[in-house]
Enquirer: 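Below is the structure I would like to discuss, written out as structure tokens.
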Amino acid sequence: MDVNQFNLSLRNFAAVDVPKKIQEIHQKVAMEALKSLVMKTRVKTGRARGNWQVENNNRPDAALLITDPDGGTTISRGATVVAEVRPFSVTYITNNVRYIVFLEDGRGSFAGDHMMARTIEEAKRMFR
């Protein structure tokens, strides 16, 4: 392999292989985080669990009027969005029910579940 062939290979690697690998990792992290968040969200009516929303390059800002006690529909809906991830993009996983902070952090004698904090720590360990 001469220098020109090497440079061409390196350019191709940087232009094709690196973005593809980044996209794959992004999708894996997003899906694992979504599944973790949904399944760690406590269920009374299923509204908090059903309100995990996934969007690429746009943060959802409204709560949904749906319930999903088992979480399957929410995960499937998010998987559809995650499948459309592009390299170097941002995926937002958001829950906009008013009481999500209380479920996360707790309040008074109500112990928080810390589903977001725990999911972030799990992702750090998983993808080191």
Side-chain angles (χ1 to χ4, degrees):
M1 176 182 290
D2 67 17
V3 171
N4 289 331
Q5 290 172 320
F6 175 76
N7 285 337
L8 184 60
S9 284
L10 190 57
R11 238 188 326 265
N12 187 53
F13 175 74
V16 178
D17 295 342
V18 170
K20 182 179 179 191
K21 191 52 90 176
I22 287 171
Q23 180 180 16
E24 290 170 5
I25 293 168
H26 183 146
Q27 288 171 322
K28 182 164 176 73
V29 170
M31 277 309 302
E32 291 302 318
L34 175 63
K35 287 188 247 178
S36 178
L37 289 166
V38 170
M39 299 317 293
K40 283 177 175 54
T41 302
R42 74 172 67 196
V43 177
K44 184 173 180 181
T45 65
R47 183 150 188 253
R49 191 172 268 187
N51 257 271
W52 287 106
Q53 300 172 61
V54 181
E55 286 193 29
N56 294 316
N57 298 314
N58 183 43
R59 186 185 169 282
D61 60 2
L64 305 173
L65 297 175
I66 62 170
T67 60
D68 185 14
D70 74 0
T73 301
T74 302
I75 292 169
S76 293
R77 190 175 66 236
T80 301
V81 175
V82 170
E84 298 171 356
V85 162
R86 295 290 165 243
F88 310 106
S89 63
V90 176
T91 299
Y92 293 89
I93 303 173
T94 307
N95 194 317
N96 292 310
V97 294
R98 291 184 319 203
Y99 52 89
I100 197 68
V101 174
F102 301 126
L103 293 178
E104 175 71 10
D105 297 332
R107 182 174 189 179
S109 63
F110 179 83
D113 294 328
H114 309 289
M115 60 266 185
M116 290 176 260
R118 290 179 12 218
T119 295
I120 290 167
E121 288 306 311
E122 288 170 2
K124 286 179 183 177
R125 284 192 302 274
M126 189 180 305
F127 296 101
R128 283 190 183 182

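All values below come from the heavy atoms of this structure, side chains included, with hydrogens, waters and symmetry mates left out. Note that this is a predicted model, so its numbers are computed, not measured.
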Enquirer: Can you tell me if E55 uses its side chain to pair, donor with acceptor, with the backbone of T94 under 3.5 Å?
Expert: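 Flag not set: sc E55 to bb T94 has no pair under 3.5 Å.
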
Enquirer: Could you give the distance from CE (M116) to CG (N95), rounded to the nearest 0.5 Å?
Expert: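 Answer for the CE-CG pair, M116 versus N95, is 7.0 Å.
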
Enquirer: Indicate, with yes or no, if F88 and F13 share a hydrophobic cluster defined by side-chain heavy-atom contacts under 4.5 Å among Ile, Leu, Val, Met, Phe, Trp and Tyr.
Expert: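 Yes; F88 is reachable from F13 via cluster members.
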
Enquirer: Check for me, please, whether Y92 and V81 land in the same ILVMFWY cluster - side-chain distances under 4.5 Å, paths through other members count.
Expert: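 Different clusters: Y92 never reaches V81 through Ile, Leu, Val, Met, Phe, Trp or Tyr contacts under 4.5 Å.
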
Enquirer: Walk me through it: do N96 and R59 pass the test side-chain contact (heavy atoms from CB on, under 4.5 Å)?
Expert: CA-CA 10 Å; N96 292 310; R59 186 185 169 282; 3.7 Å; yes

Enquirer: To the nearest 0.5 Å, what is the distance between CG on D113 and CG on D105?
Expert: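 One gets 10.5 Å once the value is rounded to the nearest 0.5 Å.
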
Enquirer: For side-chain contact (heavy atoms from CB on, under 4.5 Å), just list the numbers for Y99 and R107, CA-CA rounded to whole Å, side-chain angles, deciding distance to a tenth of an Å, and then say yes or no.
Expert: CA-CA 10 Å; Y99 52 89; R107 182 174 189 179; over 6 Å; no

Enquirer: Measure the CZ-CG distance between R47 and D68 for me, rounded to the nearest 0.5 Å.
Expert: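 Interatomic distance, R47 CZ to D68 CG, rounded to 0.5 Å: 13.0 Å.
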
Enquirer: Indicate, with yes or no, if V85 and I25 share a hydrophobic cluster defined by side-chain heavy-atom contacts under 4.5 Å among Ile, Leu, Val, Met, Phe, Trp and Tyr.
Expert: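 No, separate clusters.
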
Enquirer: If you round to the nearest 0.5 Å, how far is CZ of R42 from CE of M115?
Expert: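 These two atoms lie 8.5 Å from each other.
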
Enquirer: Testing the basics here: between D70 and G72, what is the closest heavy-atom pair and its distance to 0.1 Å?
Expert: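 Here D70 and G72 meet closest at OD1-N, 2.9 Å.
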
Enquirer: Between I66 and N51, what is the shortest heavy-atom contact and its length?
Expert: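 Reported closest heavy-atom pair: O-ND2, 3.9 Å.
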
Enquirer: Quick one: does I100's side chain get under 4.5 Å of W52's, heavy atoms only?
Expert: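 A side-chain contact exists here, since the closest heavy-atom pair is under 4.5 Å.
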
Enquirer: Identify each donor-acceptor pair in which a side-chain atom of residues 27-39 lies under 3.5 Å from a protein atom, sequence neighbours left out, and give them as a table.
Expert:
unit_1 : atom_1 : unit_2 : atom_2 : d
Q27    : NE2    : V82    : O      : 3.2
Q27    : NE2    : A83    : O      : 3.3
S36    : OG     : K40    : NZ     : 3.0
S36    : OG     : T119   : OG1    : 2.7
S36    : OG     : E122   : OE1    : 3.1

Enquirer: Heavy-atom count check: over 12 atoms from other residues, nucleotides or ligands less than 6.0 Å from R98 CZ?
Expert: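 Counting other residues, nucleotides and ligands, CZ of R98 stays at 12 neighbours or fewer.
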
Enquirer: Between R118 and E121, is the closest basic N to carboxylate O distance under 4.0 Å?
Expert: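 No, E121 and R118 are not salt-bridged.
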
Enquirer: Rounded to the nearest 0.5 Å, how far does CD of Q53 lie from CD1 of I93?
Expert: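 It comes to 11.5 Å.
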
Enquirer: Looking only at heavy atoms, which two atoms of P69 and V43 are closest? And how far apart?
Expert: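 Looking at all heavy atoms of both residues, the closest pair is O-CG2, 3.5 Å.
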
Enquirer: So, N56 and S89: side-chain donor and acceptor under 3.5 Å apart, yes or no?
Expert: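 No, no side-chain donor-acceptor pair sits under 3.5 Å.
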
Enquirer: Please answer: with hydrophobic residues joined when any side-chain heavy atoms are less than 4.5 Å apart, are F110 and V101 in the same cluster?
Expert: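 They do share one cluster, since a chain of ILVMFWY contacts under 4.5 Å joins F110 to V101.
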
Enquirer: Side chain of R49, backbone of T74: donor and acceptor closer than 3.5 Å?
Expert: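 Looks like no, no N/O pair under 3.5 Å.
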
